[in-house]
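The block underneath contains the structure these notes are about, expressed in structure tokens.
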Amino acid sequence: MSEGKVWTAVVLAVLTALWGLSWQLEPQQEELLIKAVDLGSADIESLDSLVPGETVAGGVAFHNQGRAGCRLRARIYSPQLEDKQVLLAGELTQESFLEAGQGEPAGEEYWTARGEYLYYVNMKTGNLLLPGKKSPPLYTEVCLNQQLSQEDLKTLELLGQEQQLFVVAEARQEEGGQWQRVGTLPSR
């Protein structure tokens with residue numbers, strides 16, 4: 001074999017080794033394994049048993065079952081009637097009902113509303129939901145919208161459909177990375 005061919009083979013072998021090493025050193029994405037945890041959702045099958053403004057217990061939290069921390073956001077969808085939400089998700093305070101993400105942060109871990117989404121915030125972890133950890137509840141109460149009139153309630157009764165919230169959760173591992181849908185669930 002000529003000396004030129006030997007050097008070409010050596011250079012190709014070194015380049016191949018460097019390419020393989022660079023691929024292994026590049027950060028690899030772990031699979032996102034986020035599980036929704038039902039927090040005792042209440043049945044809202046019969047709206048005639050609730051009056052506008054009345055609440056029932058129910059909610060959802062998220063458990064990171066993956067091997068990497070991730071950022072988490074969720075969007076809550078409510079049935080609509082003439083541009084009014086039928087159900088609201090939130091929490092009861094001593095003063096009133098607050099929609100999800102609207103209250104004052106309680107502690108170092110909470111959900112905050114920004115635009116159409118609720119974002120998980122954790123002051124200790126840089127907003128990462130760590131592996132094996134569970135988020136605080138996205139909401140703990142469901143309220144029949146107090147802006148619904150008696151006519152709206154009759155319309156809902158005529159529709160005869162069970163009213164429920166839908167939650168769409170998304171996660172990403174890196175700041176600025178792509179959000180990936182990790183779950184869509186009906187929730188009450």
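Keep in mind that the numbers below use all heavy atoms, side chains included, and drop hydrogens, waters and symmetry copies. Quantities reported herein were computed from a predicted structural model and do not represent experimental measurements. All residue numbers in this chain count up from 1 along the given sequence.
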Using only heavy-atom distances, determine whether the side chains of [X] and [Y] contain a donor-acceptor pair under 3.5 Å.
X      : Y      : answer
Thr55  : Glu141 : yes
Thr155 : Asp152 : no
Glu99  : Tyr139 : no

Answer whether the closest heavy-atom distance between the side chains of [X] and [Y] falls below 4.5 Å.
X      : Y      : result
Ile34  : Leu72  : yes
Phe166 : Ser78  : no
Pro136 : Glu109 : yes
Leu144 : Val86  : yes
Gln178 : Arg172 : no
Asn64  : Ser135 : no
Leu88  : Val142 : no
Met123 : Val121 : yes

Work out which heavy atom in [X] is nearest to a heavy atom in [Y]; give both atom names and the distance.
X      : Y      : answer
Gly132 : His63  : O-NE2, 3.4 Å
Pro137 : Ala61  : CA-CB, 4.1 Å
Pro131 : Gly66  : CB-O, 3.3 Å
Gln173 : Ala68  : NE2-CB, 3.9 Å
Gln102 : Ala113 : NE2-CB, 3.3 Å
Tyr77  : Val168 : CE1-CG2, 3.6 Å

Linked, directly or transitively: [X] and [Y] (ILVMFWY side chains, under 4.5 Å):
X      : Y      : value
Val182 : Phe62  : yes
Val60  : Tyr110 : no
Val56  : Ile76  : yes
Leu128 : Tyr117 : no

How long is the straight-line distance from [atom2] of [Y] back to [atom1] of [X], given to the nearest 0.5 Å?
X      : Y      : atom1 : atom2 : result
Asp83  : Gln147 : CG    : CD    : 11.5 Å
Tyr120 : Leu129 : OH    : CG    : 5.0 Å
Glu116 : Arg75  : CD    : CZ    : 3.5 Å
Ser96  : Gln146 : OG    : CD    : 8.5 Å

Please determine whether the number of non-hydrogen atoms from other residues, nucleotides or ligands lying under 6.0 Å from atom NZ of Lys84 exceeds 12. yes
Test your reading of the model: is there a side-chain donor-acceptor pair from [X] to the backbone of [Y], 3.5 Å cut-off?
X      : Y      : value
Asn145 : Leu87  : no
Arg73  : Leu118 : no
Asn127 : Arg71  : no

Could you tell me whether Arg114 sits above the aromatic face of Tyr119, with NZ or CZ closer than 6.0 angstrom to the six-membered ring centre and within 45 degrees of the axis? yes
